[in-house]
Structures are given as structure tokens and as C-alpha cells.
Number of protein chains: 2
Amino acid sequence: MTSRAVGTRRVEILRAAAELFAARGFHGVSIEELGRAVGTSGPALYRHFPGKESLLAAMLLDVSERLAAGGRERVAAAADPREALESLLRGHIAFALGEPALITVHDRELDNVPEPERRRIRRLQRGYVEEWVRVLAQLRADGRPELLRATVHATFGLLNSTPHSADEVPGEQMAELLLDMGGAALLAGG
Amino acid sequence: MTSRAVGTRRVEILRAAAELFAARGFHGVSIEELGRAVGTSGPALYRHFPGKESLLAAMLLDVSERLAAGGRERVAAAADPREALESLLRGHIAFALGEPALITVHDRELDNVPEPERRRIRRLQRGYVEEWVRVLAQLRADGRPELLRATVHATFGLLNSTPHSADEVPGEQMAELLLDMGGAALLAGG
DNA sequence: CGCGCCTGTTAATGGTCGCTAACATGGTCG
DNA sequence: CGACCATGTTAGCGACCATTAACAGGCGCG
């Protein structure tokens, strides 16, 4: 059996790994389990990634890039700061609700990424945060930059908590709730 | 050398373990490391806990009990719902800022607690959440219970995110910021 | 004084893990 | 058609890990 398209396996592995890492943590999942989750067994993974850590690195790099790029586009497309902030919120909420496993791994497992890539991921994350901070600064004359940054981080905590409260609330309502709460939190204080 | 007071070692171990588990995750910390962190080496831990998992269980049980008891007391001592909610917020914020490692482990490592204790911890957590929900319900005619519960969970995400954004903002200001953001988030939506 | 408990030590054990080696297979293409 | 490359397989290696065994010192109490 030869694979369908190039890179299909790779993507399959990353998706399965995200679920497992989110559920039991990077160190709580073995290579053998990762293999079994995609129908192969164990060491077949090494045909696609040089090691377990590289797999995590690829995953977090992809997430960070998608978030950062999405943020940039949304801000660029917005007519004014108010609209930009709402668009950022909607984008992040869609991501958190749509790919809860990725969001979870993204803010728990950075420390397990080896050094060359960790720096790149951090840079991307910082860029994403600064996107929010710049927009927020235009809406609030008051805040010093560190305070705005802390505000944004706390808001991410709010938005990213969704996966952990395995929900009885349907996605559409949850999105609305998070939009309201996130907006209120961002504009509070000062 | 005989220890100062009874249970001193036990507490020392729990404190050190909280830091290590928060930093690298339950599976990322070895017994040997836990021992070294309190000046003994490795297997000495088994004089105080029957195993690694029991250690985690004791830690999470203690946190859950303190949060739940604190919540109960604060609500009982409050004159009205508005005051109760503010007191709950202040209490949780003080905990999150004062013991960031415990808060982190508390909402990441429950799955690694073995079954008899896990249920008890969950029960305590649920009780704490319901304390918040009852208060919130008195302040907001609108919300259905699941929505209020989701609101409270999201607010916890906001408050508990503090440890991860290792901060440039001093504690007192951070507490104020979280109070404002948390309050706004809780009363938003609907 | 001496016995026992509390608390610690080092050595060993059995299991698991990440990773490598050696080998197999099947489709692509010169 | 036959060599190559991509993608698997199983077996094995060395490291590490949680836990247990065997042993030791010191303090409190009879």
C-alpha cells in the first residue's frame, strides 16, 4: 500500500499526536502509542520525523504560524481598531473551539520543544500577542504596555480554557459567550 | 538527624513537588529529582508517601479543599451577592498569585491521580464551582445554569492563566487588573 | 541502658521508553 | 524489467524510572 498524497501521513500523525498530547501530556504518550493511533506501529514514525521532540516542534510551529498569520490578516482587513479587536476575538475563539487539542498542547508543552525551534515559536507567539496589544492600545488611552500585555495574556487564558471545561454548551452559544466575556475583559481595568 | 516537627518533611516535599510538577509536568519529574529537591535522595520519599501518584493526590486534595472551604467561608461572610462575588474573586486571585505552582498543577494533572482520590477531588472542585454559580445566579436573572457554569469556568481560565504569563507587572497591580477583568467577564454576556 | 520507631542510605529489579538496525515490499520510472 | 525510493516491519540496545530490599543511625521512652 502506498500513501495517497505526499505528506498525508505526516499530517495524520500530527493530528493524532495533538489529541494524545492534549489528553495525557507529551511525556505521558509513547512512540508506540503514537504509531498505533495512525494504524502503523511504533518506529514507523521515524520515517516522518527525526524524533518525538521534533514532532512536537513541528506541531507547535504550525499552530503559532497559523495564529500569527491569522491575526495579521484580520487586523489588516479591519476598518478600525474596534472592528479589529472583534475580529481577533472571533478568530481566536474559532480556533480554540475548532481545535481544542492544538490549543491545549500549544500553551502547555512549549518547554518540551528543543532549543532551535523553541525560540522561533516564542517569537511567533510574541508577535501574535503584540498584534492584540497594538489594537488594544488604540482603544484604551490608559494602559502602559506591560499592563496591556498582561490583559491580553489573561484574555487568552479565558479563551483557551474552553477545552478543559468539556462542555454542555453547544459551540455556537459558547462562541458567543466567549466573545462577550473576552470583549468585556479586554476593555475592563485601567 | 531527627526532623523538627511532625509532618514538616511531608509539607516540604509537597511544596517542592508542586514547583517541579508545575514546571515540567508530572511525568517529566522523577522520584530521584523530587528527593534531591528536599535534600534527601530518591527513595526516601517512600517513607512519607506510598508512591508518586499518592503524592500528587495529596497535593491536589489539599488545594481543592482549601479552595472549596475558602469559597464557602467567603460567601457565608458576605452581606449580599455582589459582595460575595467580589470576595470570591479576591480569594481566588490571592491564591493564584500566591501559589502559582499549585494552581497550575491543580488544573493540569488531575488525570494522573488514581481513581479513589480523583473522584473526591472532582467533587470538591464541582462544589467550588457551584458556589460561584449560585452567587452569580443571584446577580444575573438571564443565565441558564450550564451557561453560568461555562462562564465561571472561563473566568477560572482567566484567573489561573497568571502563572503562565511570568509577569513584568507587580503583584498588587496584577491583582487589581484580574479583579477588574474577572468581574467584567462574569457579568458580561446574556 | 537498651529497644524500637522514624527516617534515611545504597543496591538491585523489572518494566518501559526512545531510538537504531536490519530487513521487506511495492510502486515509479529510466 | 530492474534499480531506487518511500514506507513499513520486528528485534534489540542502552537509559531511565518507579519501586522494593536490605541495612543503619539516632532519639524517646520503658
Side-chain angles (χ1 to χ4, degrees), chain A residues 1-60 105 109 111-118, chain B residues 1-60 105 109 111-118:
Chain A
M1 185 196 323
T2 303
S3 58
R4 282 259 160 263
V6 161
T8 284
R9 251 301 138 80
R10 211 184 134 89
V11 168
E12 251 183 306
I13 293 170
L14 286 171
R15 187 190 315 275
E19 300 294 334
L20 289 170
F21 288 164
R24 296 209 300 286
F26 180 74
H27 292 294
V29 181
S30 72
I31 293 283
E32 175 62 31
E33 279 175 298
L34 288 172
R36 206 178 313 128
V38 294
T40 79
S41 222
L45 290 194
Y46 292 91
R47 301 294 172 196
H48 304 275
F49 298 91
K52 200 187 177 191
E53 288 181 331
S54 308
L55 194 162
L56 180 66
M59 187 172 122
L60 295 199
V105 177
E109 308 288 6
D111 293 341
N112 292 310
V113 175
E115 234 334 325
E117 293 98 328
R118 177 154 54 190
Chain B
M1 185 196 325
T2 303
S3 57
R4 281 261 160 264
V6 161
T8 284
R9 248 303 137 76
R10 212 183 133 91
V11 168
E12 251 183 305
I13 293 169
L14 285 170
R15 186 191 316 277
E19 298 295 334
L20 289 171
F21 289 164
R24 297 209 298 286
F26 181 73
H27 293 294
V29 181
S30 73
I31 293 283
E32 175 62 30
E33 279 175 299
L34 289 173
R36 207 178 312 128
V38 294
T40 79
S41 220
L45 290 194
Y46 291 90
R47 299 296 170 195
H48 304 274
F49 298 91
K52 200 186 176 191
E53 287 181 333
S54 308
L55 194 161
L56 181 67
M59 186 171 122
L60 295 198
V105 177
E109 307 287 5
D111 294 341
N112 292 311
V113 175
E115 233 333 324
E117 294 98 328
R118 178 155 54 190

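Below, read A as the first sequence line, B as the second, and so on, with proteins coming before strands; counting in each chain starts at 1.
- Spacing between atom NE2 of B:His48 and atom C1' of C:dG8 amounts to 8 Å, rounded to whole angstrom units.
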Contacts table for residues 13-37 of chain B: side-chain donor-acceptor under 3.5 angstrom, sequence neighbours left out:
from: B:Arg24; atom 1: NH2; to: B:Glu33; atom 2: OE1; distance (Å): 3.3
from: B:Arg24; atom 1: NH2; to: B:Glu33; atom 2: OE2; distance (Å): 2.2
from: B:His27; atom 1: NE2; to: B:Asn112; atom 2: OD1; distance (Å): 3.1
from: B:Ser30; atom 1: OG; to: B:Glu33; atom 2: N; distance (Å): 3.2
from: B:Glu32; atom 1: OE2; to: B:Ser41; atom 2: OG; distance (Å): 2.8
from: B:Glu33; atom 1: OE1; to: B:Ser30; atom 2: N; distance (Å): 2.9

Is there any protein nitrogen or oxygen under 3.5 Å from a nitrogen or oxygen in nucleotides 20-25 of chain D, and what are the pairs?
from: D:dA22; atom 1: N6; to: B:Arg47; atom 2: NH2; distance (Å): 3.4

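- Side-chain contact check for A:Thr40 versus A:Arg47: every heavy-atom pair is 4.5 Å or farther apart.
- Taking both residues in full, the closest heavy atoms of B:Gly51 and B:Tyr46 are given as CA-CE2, 3.9 Å, listed atom of the first, atom of the second, then distance.
- Residue B:Phe49 contributes atom CZ, which lies 15 Å from atom P of D:dA18 at whole-angstrom precision.
- Straight-line distance from the CG atom of A:Leu45 to the C1' atom of D:dG8: 12 Å, rounded to whole Å.
- Distance B:Lys52 NZ to D:dC16 P: 15 Å, rounded to the nearest Å.
- Among the protein residues, B:Gly51 comes within range of the sugar-phosphate backbone only, with heavy atoms under 4.0 Å from sugar or phosphate atoms but none that close to a base.
- The CD1 atom of A:Ile13 sits 11 Å away from the C1' atom of D:dT7 (whole-angstrom rounding).
- Shown for residues 22-38 of chain A: no residue has heavy atoms falling under 4.0 angstrom of DNA chain D.
- With a cut-off of 3.5 Å on both pairing distances, the Watson-Crick or G-U wobble partner of C:dG30 is D:dC1.
- The two atoms that bring A:Phe49 and A:Ala58 nearest to each other are CE2-CB, 4.0 Å, heavy atoms only.
- Rounded to whole Å, atom P of C:dG18 lies 11 Å from atom CG of A:Leu55.
- Smallest separation of non-hydrogen atoms from B:Asp111 and B:Arg118: O-NH1, 3.0 Å.
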